[in-house]
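Below you'll find the structure, written out as structure tokens, and then a few comments.
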Amino acid sequence: MADRAIALIDCNSFYASCERVFRPDLRRVPIVVLSNNDGCVIARSAEAKPHVRMGEPYHKIRDVVRRHGIVAFSSNYALYGDMSQRVMTVIESMVPALEVYSIDEAFADLTGISGPEQLARQIRAQVLKQTGIPTGIGIGPTKTLAKLANAAAKRWQQHTGGVVHLDTPERRDWVLRKMPVDEVWGVGRRMKEHLAVAGIKTAWDLAQADAWTLRKRHSVVLEKTARELRGVPCLDLEDEPQPKQEICSSRAFGERLHAIEPIREAVATYAARAAEKLRAQGSLCKQVRVSIRTGMFNPNEAKFAKGIVCELPFPSDDTRLIIKAASQGLDAIYRTGYAYAKAEILLMDLRQRGEFSGDLFAQEQPESSERVMGVLDQINARWGRGTLRPARVPVTPGWGMRRELLSPRYTTDWNGLWKVGCK
DNA sequence: TCTGGGGTCCTAGGACCC
DNA sequence: TCTGGGGTCCTAGGACCC
């Protein structure tokens, strides 16, 4: 069998790049994108990286932002999601198999292709030309090495032109020796600390470590990572997206909430959103977990957090039933006297529609639910999310997200003056 | 004043059973 | 004093990813 060649294509500073596509005047200007509620920095353009750390709270860096002329944006997920689809479509048309790994990354199988590096350069050029998004590409015999090659392409951008192919043992070893161990996919802050004790500091050290010891002292996951670094494939390309095993909708409120009624609105809104995602992947859920909590950072606020799992009478994807369960759950956990900051809905015990439940006499969701939800989803698909919604879900809630620096929904707004690609 | 939201997988430990 | 061994299932929590 030919040597495997897995490519990892990743968009540079994706959210910041998306904003820049529609603001050519910002081509050389440092850009940051903020999390929901304009809380902290979640993306930085190359120019902003020297001045701003990832995850830094926005209120702490206002001075720096002003001093360096950094332009900040609220996150605009409608835009990023749409841009992501465009990028993936371009790549998909150029490779035999693609696994979309996240909003800004995908693995492609280039095994058997002659000149994978050349193809990678063509992919970069096409994606840039058709979407305006710059990318970096790493190629290696395993996913973990492809990721590392991608990191190398970023780190030595000038010399590599954004593409690194670890096709010889010499190149592989050179990169392994240069890369700190926490640049390896699957090694985070904690693991880095543990490994340092054993003298494992670089990717090379980890690749050389004894597999059995890694498994015993740490985990099978780390053992696989080390094998992959040596070029032994342990992770396959998954071109069929797997249905999620749990679905979450959670968000901090735009302001602190005290009374139960506005929290109930938020819980209903999140529950409705989670139910939409559930139906989109054709699943039913049997449990709904609702949780609420106060702020966790301010030492002057009384802290409180509680959640509860509510069992549904039968596996369901009916927004109304899920909201009802969540609302009852809220009644059970809510305590007066706290300033609540966030709520979360988690749909659990998921199964695909029609999957055997294990209980011959188990009750099933009535057919009327399917009809009503079908109509709901159709209308919202046609006219935009939130056109038709349960009574409990307000249009413009007082507790909604703060997004003071939001860019227009250039590509998706129904009321927009123009749409990309519809010239 | 002000610190994201969405996931996955693995492990340890408790409850329970024979 | 000493206090089975083996198994399953479930849950909570840790660690990681983007």
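Atom set for the values below is all heavy atoms of this structure, side chains included, hydrogens, waters and symmetry mates excluded. Lettering follows sequence order; numbering is per chain, from 1.
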What orientation do A:Tyr340 and A:Phe304 show, parallel under 30°, tilted 30 to 60°, or perpendicular over 60°?
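Correct class here is perpendicular.
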
Among A:Val95, A:Ile137, A:Asp104, A:Asn150, the one residue meeting side chain to side chain contact (heavy atoms under 4.5 Å, CB included) with A:Ile9:
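Exactly one option meets the side chain to side chain contact (heavy atoms under 4.5 Å, CB included) with A:Ile9, and it is A:Ile137.
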
Give the rounded distance in Å between these two atoms: [atom1] of [X] and [atom2] of [N].
X        : N      : atom1 : atom2 : result
A:Lys60  : B:dT3  : NZ    : P     : 10 Å
A:Tyr58  : B:dC2  : OH    : C1'   : 11 Å
A:His59  : B:dC2  : NE2   : C1'   : 4 Å
A:Met348 : C:dT11 : CE    : P     : 8 Å
A:Arg403 : B:dG4  : CZ    : P     : 16 Å
A:Gln242 : B:dC9  : CD    : C1'   : 14 Å
A:Glu301 : B:dC2  : CD    : C1'   : 11 Å
A:Glu105 : C:dC17 : CD    : P     : 11 Å

Output the single nucleotide from [options] whose closest atom is nearest the side chain of [X].
X        : options               : value
A:Ile42  : B:dC2, B:dG4, B:dG7   : B:dG4
A:Lys244 : B:dC10, B:dT8, C:dC18 : B:dT8
A:Pro57  : B:dT3, B:dG4, B:dT8   : B:dT3
A:Val220 : B:dT11, B:dC2, B:dT3  : B:dT11
A:Gln245 : B:dT3, B:dC9, B:dG5   : B:dC9
A:Asp104 : B:dG4, B:dG6, C:dC18  : C:dC18
A:Arg190 : B:dG6, C:dA15, B:dG4  : C:dA15
A:Cys40  : B:dC10, B:dG6, B:dT3  : B:dT3
A:Ile247 : B:dG7, B:dC10, B:dC2  : B:dG7
A:Met191 : C:dC16, B:dG4, C:dC18 : C:dC16

Salt bridge check: are A:Glu370 and A:Arg353 linked by an N-O gap of less than 4.0 Å?
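A salt bridge is present here (some side-chain N lies under 4.0 Å from a carboxylate O).
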
Salt bridge or not between A:Arg171 and A:Asp173? Use side-chain N to carboxylate O under 4.0 Å.
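No salt bridge links A:Arg171 with A:Asp173.
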
What does B:dC16 pair with, Watson-Crick or G-U, if both distances are under 3.5 Å?
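Its partner is C:dG7 (Watson-Crick or G-U wobble, both distances under 3.5 Å).
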
Taking for each residue the nucleotide of DNA chain B with the nearest heavy atom, is it A:Arg402 or A:Val221 whose nucleotide lies nearer the 5' end?
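With A:Arg402 and A:Val221 compared, the 5'-side residue is A:Arg402.
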
Over all atoms of both residues, closest heavy-atom pair of A:Ile308 and A:Ala332
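In terms of heavy atoms, the two residues are closest at CD1-CB, 3.9 Å.
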
Is any side-chain nitrogen or oxygen of A:Lys224 closer than 4.0 Å to OP1 or OP2 of C:dC16?
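Looking at the OP1 and OP2 atoms of C:dC16, neither is under 4.0 Å from any side-chain N or O of A:Lys224.
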
P atoms of B:dT3 and C:dC18, separation to the nearest Å
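Nearest-Å result for B:dT3 against C:dC18 at atom P: 25 Å.
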
Report yes or no: is the cationic atom of A:Lys286 (NZ for Lys, CZ for Arg) under 6.0 Å from the centre of the six-membered ring of A:Phe314, at an angle within 45° of the ring normal?
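No, A:Lys286 does not sit over the ring of A:Phe314.
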
